[in-house]
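These numbers come from a predicted model, not from an experiment. The figures that follow rest on heavy atoms only: side chains count, while hydrogens, waters and symmetry mates do not.
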Amino acid sequence: LVTINKWEGTVCDDLLDGGSGNNRNTAEVFCQQLGINATNPNIDTIEGSSSYQIMLDDIKCLGNEASIQQCKYETKNDCSHSEDVQLNCV
């Protein structure tokens, strides 16, 4: 779950799937924001049925952002919860 302006929700896998460089860059930014120095951060798609709103879609990070809010993203989405992601800070 991510929290934006006190609202909690999930993140969609659009632009994050397929092992793209954007996957690792975005995972690095998320992990750094959480204070975790991960050597192999990644994001996986998980199939679930969440009651939370999908908050972020089409996230694209370069990897040098201080927070996920500095990355490009959309708050409108074309996703379902079968596209929710899981962050792995390993």
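Proximity of a side-chain donor or acceptor of Gln32 to a complementary backbone N or O of Val29 within less than 3.5 Å is not detected. A donor-acceptor pair under 3.5 Å is absent between the side-chain atoms of Asn77 and the main chain of Met55, judged by distance alone.
Within a 6.0 Å sphere centred on CG of Asn40, heavy atoms belonging to other residues, nucleotides or ligands number more than 12.
Each of Asp84, Asp13, Asp57 was scored for a side chain to side chain contact (heavy atoms under 4.5 Å, CB included) with Cys79, with one residue passing: Asp57.
Nearest approach of Cys71 to Glu65, heavy atoms of both residues: SG-CD, 3.8 Å. A pairwise comparison of heavy atoms in Pro41 and Cys31 identifies CB-SG, 3.9 Å as the closest pair. When all heavy atoms are compared, the tightest approach of Thr10 to His81 is OG1-CE1, 3.5 Å.
Within the model, atoms CD of Glu28 and OG1 of Thr39 stand 10.5 Å from one another, a figure rounded to the nearest 0.5 Å. Arg24 CZ to Ile43 CD1: the interatomic distance, rounded to the nearest 0.5 Å, is 11.5 Å. How far CD of Gln70 is from CG of Leu62: 10.5 Å, rounded to the nearest 0.5 Å. With rounding to the nearest 0.5 angstrom, the CG atom of Asn25 is 8.0 Å from the NZ atom of Lys60.
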Under the criterion side chain to side chain contact (heavy atoms under 4.5 Å, CB included), I'd like the reasoning laid out for Asp14 against Glu83: C-alpha separation, chi angles, the key distance, then a yes or no. CA-CA 8 Å; Asp14 291 353; Glu83 299 173 87; 3.0 Å; yes

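Side-chain atoms of Asn23 and Asn42 include no donor-acceptor pair closer than 3.5 Å.
With hydrophobic clusters built from ILVMFWY side chains whose heavy atoms lie under 4.5 angstrom apart, Ile68 shares a cluster with Leu87. The same ILVMFWY cluster, assembled from side-chain heavy atoms under 4.5 Å apart, contains both Leu34 and Ile59. By the rule that hydrophobic residues join a cluster once side-chain heavy atoms approach within less than 4.5 Å of another member, Phe30 and Ile54 end up as members of separate clusters. Residues Val2 and Ile46 are members of separate hydrophobic clusters, defined by side-chain heavy-atom contacts under 4.5 angstrom among Ile, Leu, Val, Met, Phe, Trp and Tyr.
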